Amino acid sequence: EQMFKQKLYAAVTDWIITGEGFLWHSSINKQKYKEILFKLNATRDDIDTNGIHMLKNVASTTMNPKYDEKNILRYDQVVNAKQTISWTPDEIIHAKFMDLDGKPNGFTPMFAAKPMIETLGLIIDYAGYYFAGGGAPEMAWVFPKENANSVNFIKAKAAIREFYNAKKRGHLFFAGEMTPQKINDWNKDMEFRKLFVMYVGSIAFAFNMPLHRLQSILGGDMSSGTGASDLSDSGYWRNIYEAQDYWEQ
């Protein structure tokens, strides 16, 4: 009724990426419930509880724990950079991916990997801009004895532009001295490949991802023996079991 699995999944995703997950749960105790019914002059059967959310995922980046020397006093949630909602510790289930230096906030390897993730994004953007712009020019048509306003240059420029825009097959003829120079052979592999592979591997290994799960992406750039792969695979699943145990508790 509460769609708990979906809400838990969202909290676990926050937990991995931002280092902490927050779940709000209804904290109305039985005595408080009876008081509400008494004030409404109602019985339990008179109130329709269908559709009432007793559990919600709270966006982790909006939560700010407030604490003293020993305990967390409350959780302040900033909504739309204006409104602040305060939650008591009894209302919030706070999961931390890693505890670091006694801080109330959780830590995740994603924080350490942030520069690598940003660089990977720039590499992908670089490739996208390259192809969006048509790549590099294939040819340079040099007219050493013509100026930009000459009739020969203007006609040649128009003919080349029409030829390439229409993707025609055929021949081009020019009057006057002209020297073609080849610029791009279209034989480039992905630039920064080694850097890309190293960063992807580093991020994956920060989460103990087994190598064989990455080889479809990394190809032959990373390899290991069967024994090492088995060890990394068992370590990966051990982490999964520990995470499941953590959330179950």
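Note that this is a predicted model, so its numbers are computed, not measured.
Both M198 and Y126 are part of a single hydrophobic cluster, where members link through side-chain heavy atoms under 4.5 Å apart. Put simply, M3 and W24 are part of two different groups of oily side chains (I, L, V, M, F, W, Y) that touch within less than 4.5 Å, one to the next. A continuous path of hydrophobic side-chain contacts links F207 to M116 [ILVMFWY only; heavy atoms under 4.5 Å]. There is no path of hydrophobic side-chain contacts, each under 4.5 Å, that joins I154 to I160. When the side chains of ILVMFWY residues are joined at heavy-atom separations under 4.5 Å, either directly or via intervening members, V79 and I92 end up in a single hydrophobic cluster.
Here the OH atom belonging to Y236 is positioned 10.5 Å from the OH atom belonging to Y241, to the nearest 0.5 angstrom. Taken from CG in L55 to CD1 in I93, the straight-line distance is 6.5 Å, to the nearest 0.5 Å. Rounded to the nearest 0.5 angstrom, T179 OG1 and K145 NZ are separated by 10.0 Å. Between the NZ atom of K194 and the CZ atom of F192 there is a distance of 13.5 Å, given to the nearest 0.5 Å. Atoms CH2 and CD, on W237 and E242 in that order, are 13.5 Å from each other to the nearest 0.5 Å. For the atom pair CG (L8) and OG1 (T13), the distance works out to 9.0 Å, reported to the nearest 0.5 Å.
Residues A156 and F143 come closest through the heavy atom pair CB-CZ, 3.4 Å. Residues V58 and T62 approach most closely at CG1-OG1, 4.4 Å, considering heavy atoms. Minimum heavy-atom separation, Y246 to K96: OH-N, 2.8 Å. Looking at every heavy atom in both residues, I17 comes nearest to M110 through O-CB, 3.4 Å. Here the closest heavy-atom approach between residue A59 and residue D14 is recorded as CA-OD2, 4.3 Å. In terms of heavy-atom proximity, A113 sits nearest to I203 at CB-CG1, 3.9 Å.
For the pairing with E20, the side chain to side chain donor-acceptor pair (under 3.5 Å) check across T108, N105, T61 returns one residue only, N105.
Applying the 6.0 Å contact sphere to CZ of F111 captures more than 12 heavy atoms from other residues, nucleotides or ligands.
Salt bridge annotation for D76-R74: present, with a cationic side-chain nitrogen under 4.0 angstrom from a carboxylate oxygen.
A distance-only check finds no donor-acceptor pair linking the side chain of Y67 to the backbone of K103 [under 3.5 Å]. The main-chain N or O of L73 is never found under 3.5 Å from a side-chain atom of N71 such that the two would form a donor-acceptor pair.
For the pair N149 and F153, the minimum side-chain heavy-atom distance is 4.5 Å or more. Using a 4.5 Å cut-off on side-chain heavy atoms (C-beta onward), N57 and Y9 make no contact.
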Inset, instruction - Apply side-chain contact (heavy atoms from CB on, under 4.5 Å) to T18 and F97, showing your working. - result: CA-CA 8 Å; T18 68; F97 189 81; over 6 Å; no
Inset, instruction - Test W15 against W247 for side-chain contact (heavy atoms from CB on, under 4.5 Å), laying out the working first. - result: CA-CA 11 Å; W15 179 67; W247 279 97; 3.4 Å; yes
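Using the six-membered ring where Trp is involved, H94 and Y75 have ring planes that are perpendicular, over 60° apart on the 30 and 60° scheme.
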